[in-house]
Amino acid sequence: MKIKPEKRIYLNAHNTKIARQFQRELWKFFERRCLLKMDKIDLIAGCDVSYRRDKARACVCIYSFKRKKIIEEICIEEKISFPYIPTFLSFREAPPLISAIEKIKSKPELYIFDGQGLAHPLRMGLATHMGCLLEKPTIGFAKSHLYGVFEEPPNIKGAYTFLKTESGEIIGAVLRTRKDTKPVFASIGWGVDVAFVIDIIMELVSRYKIPDILRRADYLTKNRRKNDKGTCS
DNA sequence: GCGACAG
DNA sequence: ATCTTGTCGC
């Protein structure tokens with residue numbers, strides 16, 4: 001899938017000042033309605049990025065929710081173009097992620113990213129940022145906190161509390177995807193609501209606290225230490 | 001000024 | 001995220 005040509009300008013920012021402006025401009029593409037239904041969804045994409053020296057490697061793993069199996073995997077490698085700066089993660093990860101997503105053949109209905117969605121000071125975490133570029137439903141799945149107020153959820157698998165802005169708006173959930181482990185921060189990315197986020201994430205986790213599809217993408221991202229020149233499948 | 005700070 | 005060895009616990 002290709003993103004609209006006019007949106008490519010948002011991929012690279014020369015500095016945080018411009019990056020901040022891009023984050024504000026992208027907000028106009030945000031979709032708040034929930035475009036998906038649990039009983040109809042099928043193809044879901046788990047996306048992750050890892051770094052090695054001056055290269056970033058992005059991997060996308062597409063899973064068929066109905067057939068319960070992975071149907072496609074794509075990995076790409078390219079030069080790192082932006083440093084890691086809290087609240088500006090998108091400018092480091094979106095370029096390689098878009099490169100990988102533009103190579104997939106199937107048509108995912110939902111994309112899950114390693115990071116926040118609306119749980120960001122400007123509501124522009126990686127997942128929301130990617131959603132505004134792709135104009136497709138996205139969810140942010142983070143292992144730690146960046147933004148938002150919440151209470152600790154009970155130590156029971158499936159328990160959750162809402163992640164809110166200072167003014168009380170619900171932007172995501174602090175979800176206990178596994179007992180006796182720290183809860184995760186799942187937030188609305190683009191085109192989904194909190195109930196959907198919670199339902200789908202719980203459906204995608206099995207034995208571990210991270211959804212299998214994201215663990216797989218993470219694995220593909222790092223399993224290239226020796227040979228491998230950029231391809232895998 | 002101080003603390004917090006996705007990956 | 002990455003750099004890294006062993007180690008505690010189910």
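Below, read A as the first sequence line, B as the second, and so on, with proteins coming before strands; counting in each chain starts at 1. In this text, all values refer to a predicted model and were calculated from it rather than measured experimentally.
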### Message
Please encode protein proximity along nucleotides 1-7 of chain B as a string of B, S and -, counting only heavy-atom distances under 4.0 Å.
### Response
----BBB
### Message
Ring centroids only, cut at 6.0 angstrom: are A:Tyr84 and A:Phe82 within range, meaning strictly under it?
### Response
no
#### Entry: Interatomic distance, A:Asn155 CG vs C:dC10 P [rounded to whole Å]
14 Å
### Message
Please report whether the ring centroid of A:Phe150 lies less than 6.0 Å from that of A:Phe185.
### Response
yes
### Task
Write down the atom of A:Arg178, the atom of A:Arg207, and the distance for their closest heavy-atom approach.
NH1-O, 3.2 Å
### Query
In terms of heavy-atom contacts, does CD of A:Glu6 have more than 12 from other residues, nucleotides or ligands at under 6.0 Å?
yes
### Task
State which residue, out of A:Phe30, A:Phe91, A:Tyr10, fulfils the ring-ring contact (aromatic ring centres under 6.0 Å, His included) condition with A:His129.
A:Phe91
